[in-house]
K.L.:
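Here it is, the structure, as structure tokens.
Each chain gets a letter, A, B and so on, in the order the sequences are listed, and its residues count up from 1.
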Number of protein chains: 2
Amino acid sequence: MELSNIENLPLSPINDLIDRLNKAVSDKMIIIAGRCKAYFDGRIKSTLESGDRLLVIKKDLSIIMHGPEGVKPLNWQKPDAGPIHFSEKDSALEMFTRRKKTGETLTVMFEHIFTSMIWHALDETEIEIYGDESDLVKYLVKHPELIEEGFEVVRTEFQTKVGPVDIKGRSKGREVIVEVKKRNASPADAHQLKRYVEYFKDTEGKNIRAIMVAPDFPKNVQEYLEKNGMSIKKIPWSEIFPVIQRPKSSKLEDFFGNKKKEKNT
Amino acid sequence: MELSNIENLPLSPINDLIDRLNKAVSDKMIIIAGRCKAYFDGRIKSTLESGDRLLVIKKDLSIIMHGPEGVKPLNWQKPDAGPIHFSEKDSALEMFTRRKKTGETLTVMFEHIFTSMIWHALDETEIEIYGDESDLVKYLVKHPELIEEGFEVVRTEFQTKVGPVDIKGRSKGREVIVEVKKRNASPADAHQLKRYVEYFKDTEGKNIRAIMVAPDFPKNVQEYLEKNGMSIKKIPWSEIFPVIQRPKSSKLEDFFGNKKKEKNT
DNA sequence: TATTGTATTTCGCAT
DNA sequence: ATGCGAAGTACAATA
């Protein structure tokens with residue numbers, strides 16, 4: 001992959017900066033570090049008074065604006081929002097966008113710019129993830145005895161009118177549906193499973209068993225499940241599922257020592 | 001507020017760069033634009049092959065790494081993760097962090113750095129938000145007739161053992177609890193309300209009415225609610241609630257023309 | 001600390 | 001397009 005290039009834009013004259021930024025929109029990543037106010041108007045209305053923030057506009061027209069703390073941006077706009085426009089307002093830089101379909105607007109008014117860059121960032125990869133719920137289901141399908149001694153898998157990850165079912169099987173002479181949760185079960189999860197049970201009862205007249213699999217169950221949730229004829233099965237994924245075992249050491253080599261590095265220069 | 005300053009770090013010699021970065025951790029915002037691989041190991045395991053990404057480390061030790069598209073970071077780490085360490089690996093920069101409590105690790109291996117900056121970003125403000133669910137509840141409390149003709153509010157936003165109740169009132173001679181949703185009601189929302197009803201039945205022996213307020217109800221959800229003795233009330237917030245009305249025009253001045261700007265130089 | 005619910009959730013998938 | 005559920009959800013409020 002060719003080397004991309006990043007360019008520091010001169011901050012003045014401001015009209016030249018505005019030109020360069022407008023030309024970079026939807027082509028390059030724009031990075032501006034500045035002191036600004038910001039207003040969002042749409043599903044909600046938000047007001048952000050003057051402070052230092054990092055504004056990033058990506059080539060898919062998504063926008064994120066970060067303050068000095070936290071993972072979540074202070075303001076953002078989803079991709080393909082609509083035109084993004086830089087202009088001069090009171091001798092300062094202003095960014096404005098309006099999402100066509102919803103009418104949502106985001107306005108960022110800069111008072112001071114520390115740095116402004118455009119970057120033709122290249123990334124042809126996709127993040128690979130192991131250990132999400134779908135992987136846990138696949139693991140259980142290979143080790144059905146973890147669910148219950150004698151459990152036989154019949155179908156996995158199929159759609160019903162009320163939602164997707166993780167595992168349908170047969171055990172102790174009855175049909176069973178299994179709902180798999182990566183994290184501790186919640187009341188909403190319990191209701192979700194109950195709804196599936198009711199669906200099979202209503203549409204197929206079957207009195208089907210239900211098992212919820214999760215690392216742990218708050219007392220309320222366990223009570224609710226059992227009161228409504230459902231079963232629980234605690235599976236501490238981190239101890240059982242090989243991919244998501246917790247690293248015990250802080251040494252990188254212990255986890256990725258088997259990975260081959262490719263030089264790319 | 002004093003003007004913060006941003007500093008471009010020399011990219012070589014790499015040991016000097018590493019020193020500067022390690023000294024900046026937990027003090028300044030660190031911004032690195034580079035080509036890198038990344039690995040996360042914890043609740044899941046993720047692998048990210050070589051590509052151009054923007055890495056931001058904030059002074060609260062939160063980390064976000066963005067690729068060229070999308071609002072969501074490719075990798076991240078929540079605040080107060082634990083020590084963040086830069087080092088040299090195969091003549092290149094590497095960042096490593098391990099969250100003490102969970103053992104989650106994030107490793108970023110750079111192959112090329114385009115820009116590296118540290119920034120003493122200042123922000124003493126908090127974002128102000130209008131139009132979230134709590135504001136809708138307050139609006140309904142002032143306009144209870146929107147819920148139902150003759151509705152009288154008794155209590156609002158109070159805690160129960162099963163969760164917070166938005167509005168409790170009296171209407172048509174019976175007690176009513178009202179659950180307010182900003183967005184279309186979901187199956188989980190319906191179950192949530194049912195749980196509250198059951199709570200009042202179990203703990204106070206009251207056969208209380210329940211109304212769910214939302215802009216719209218999918219057919220399944222409406223059926224479930226009515227089948228279980230709950231009522232629905234459609235309220236299209238965007239047409240009614242003044243703060244979140246959709247702007248019809250694309251001209252900035254139409255929305256912010258009334259705002260006074262303060263110079264801050 | 002654990003539980004619970006909201007979110008401008010975002011994102012992906014299936015209908 | 002809408003509905004639905006997962007997410008390394010993040011984050012705040014609460015017990």
K.L.:
Between the side chains of A:Arg53 and B:Thr125, does any donor sit under 3.5 Å from an acceptor?
P.N.:
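Side chains of A:Arg53 and B:Thr125: pair found under 3.5 Å.
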K.L.:
Over how many whole Å does the gap from A:Arg43 atom CZ to C:dT10 atom P extend?
P.N.:
5 Å
K.L.:
Report yes if a side-chain nitrogen or oxygen of A:Asn184 is closer than 4.0 Å to either non-bridging phosphate oxygen (OP1 or OP2) of C:dT3; otherwise report no.
P.N.:
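Checking C:dT3 against A:Asn184, a side-chain N or O does come within under 4.0 Å of OP1 or OP2.
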K.L.:
Measure NZ/A:Lys58 against P/C:dT10 and give the value in whole Å, please.
P.N.:
13 Å
K.L.:
Flag yes if more than 12 heavy atoms outside B:Glu198 fall under 6.0 Å of its CD atom; otherwise flag no.
P.N.:
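Enclosed.
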K.L.:
At less than 4.0 Å, is any side-chain N or O atom of A:Arg183 found next to OP1 or OP2 of D:dT9? Yes or no.
P.N.:
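Yes.
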K.L.:
Starting at atom NE2 of B:His191, determine the distance to atom P of D:dG5, rounded to an integer number of angstrom.
P.N.:
8 Å
K.L.:
Going by the angle between their ring planes, with limits at 30° and 60°, are A:Phe158 and A:Phe200 parallel, tilted or perpendicular?
P.N.:
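Rings of A:Phe158 and A:Phe200: perpendicular, over 60°.
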K.L.:
Give a yes/no on whether any side-chain N or O of A:Lys72 is located under 4.0 angstrom from OP1 or OP2 of C:dT8.
P.N.:
yes
K.L.:
Calculate, to the nearest 0.5 Å, the distance between atoms CE and CD belonging to A:Met230 and A:Glu179 respectively.
P.N.:
11.0 Å
K.L.:
Could you state the CG-P distance from A:Asn75 to C:dA7, rounded to the nearest angstrom?
P.N.:
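Going from CG in A:Asn75 over to P in C:dA7 covers 16 Å.
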K.L.:
To the nearest Å, how far apart are A:Lys78 NZ and C:dT9 P?
P.N.:
7 Å
K.L.:
In whole Å, measure the gap between the P atoms of D:dC4 and D:dG8 for me.
P.N.:
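Going atom to atom, P in each nucleotide, I get 23 Å.
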K.L.:
Under 4.0 Å between any heavy atoms, over every strand shown, what does B:Pro79 touch: base, sugar-phosphate, or nothing? Just pick one.
P.N.:
sugar-phosphate
K.L.:
Testing the basics here: between A:Ser62 and B:Gly70, what is the closest heavy-atom pair and its distance to 0.1 Å?
P.N.:
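Scanning both residues, the minimum pair turns out to be OG-N, 3.5 Å.
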K.L.:
Just checking A:Leu74: base, sugar-phosphate only, or nothing, at a heavy-atom cut-off of under 4.0 Å?
P.N.:
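The answer is base, as A:Leu74 lies within the cut-off (heavy atoms under 4.0 Å) of a base atom.
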K.L.:
Could you state the atom-to-atom distance from CG of B:Asp135 to P of C:dA7 in whole Å?
P.N.:
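One finds 9 Å between P of C:dA7 and CG of B:Asp135, rounded.
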K.L.:
Select from A:Ser46 and A:Gln159 the residue whose nearest nucleotide in DNA chain C is closer to the 5' end of that strand.
P.N.:
A:Ser46
K.L.:
For a quick check under 3.5 Å, do A:Lys58 and B:His66 share a side-chain donor-acceptor pair by atom type?
P.N.:
yes
K.L.:
Over how many whole Å does the gap from B:Leu106 atom CG to D:dG8 atom P extend?
P.N.:
13 Å
K.L.:
Applying side-chain contact (heavy atoms from CB on, under 4.5 Å), run through A:Arg43 and B:Arg183 and close with a yes or a no.
P.N.:
CA-CA 10 Å; A:Arg43 284 163 281 179; B:Arg183 317 213 292 137; 5.9 Å; no
K.L.:
Show each protein N/O and nucleotides 4-6 of chain C N/O combination with a separation under 3.5 Å, one pair to a line.
P.N.:
{"residue": "C:dT4", "atom": "OP1", "partner": "A:Asn220", "partner atom": "ND2", "Å": "3.4"}
{"residue": "C:dG5", "atom": "OP1", "partner": "B:Val162", "partner atom": "O", "Å": "3.2"}
{"residue": "C:dG5", "atom": "OP1", "partner": "B:Arg195", "partner atom": "NH2", "Å": "2.5"}
{"residue": "C:dG5", "atom": "OP2", "partner": "B:Arg195", "partner atom": "NH2", "Å": "3.3"}
{"residue": "C:dT6", "atom": "OP1", "partner": "B:Glu133", "partner atom": "OE2", "Å": "3.2"}
{"residue": "C:dT6", "atom": "OP1", "partner": "B:Glu179", "partner atom": "OE2", "Å": "3.4"}
{"residue": "C:dT6", "atom": "OP1", "partner": "B:Lys181", "partner atom": "NZ", "Å": "2.7"}
{"residue": "C:dT6", "atom": "OP2", "partner": "B:Lys181", "partner atom": "NZ", "Å": "3.1"}

K.L.:
Using the criterion of both pairing distances under 3.5 Å for Watson-Crick and G-U wobble pairs, give all stems of 3 or more consecutive pairs involving DNA chain C.
P.N.:
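Only these stems qualify: C:1-7 with D:9-15, C:9-15 with D:1-7.
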K.L.:
Grab the CG-P distance between B:Leu48 and D:dG8 for me, whole Å please.
P.N.:
13 Å
K.L.:
Does CD belonging to A:Glu126 count more than 12 external heavy atoms closer than 6.0 Å?
P.N.:
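No, the 6.0 Å shell around CD holds no more than 12 heavy atoms from other groups.
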K.L.:
Using atom P in both nucleotides, what's the gap between D:dC11 and C:dC11 to the nearest angstrom?
P.N.:
16 Å
K.L.:
Whether B:Trp76 contacts D:dA10 is assessed here as follows: a side-chain N or O lying under 4.0 Å from the phosphate OP1 or OP2. Is that the case?
P.N.:
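B:Trp76 to D:dA10 OP1/OP2: side-chain N or O found under 4.0 Å.
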K.L.:
Any chance you could measure A:Glu69, atom CD, to B:Leu61, atom CG, to the nearest 0.5 Å?
P.N.:
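Between A:Glu69 CD and B:Leu61 CG, I get 10.0 Å after rounding to 0.5 Å.
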K.L.:
Just do the side-chain contact (heavy atoms from CB on, under 4.5 Å) check on A:Leu48 and A:Phe40 with the steps written out, would you?
P.N.:
CA-CA 9 Å; A:Leu48 199 47; A:Phe40 174 79; over 6 Å; no
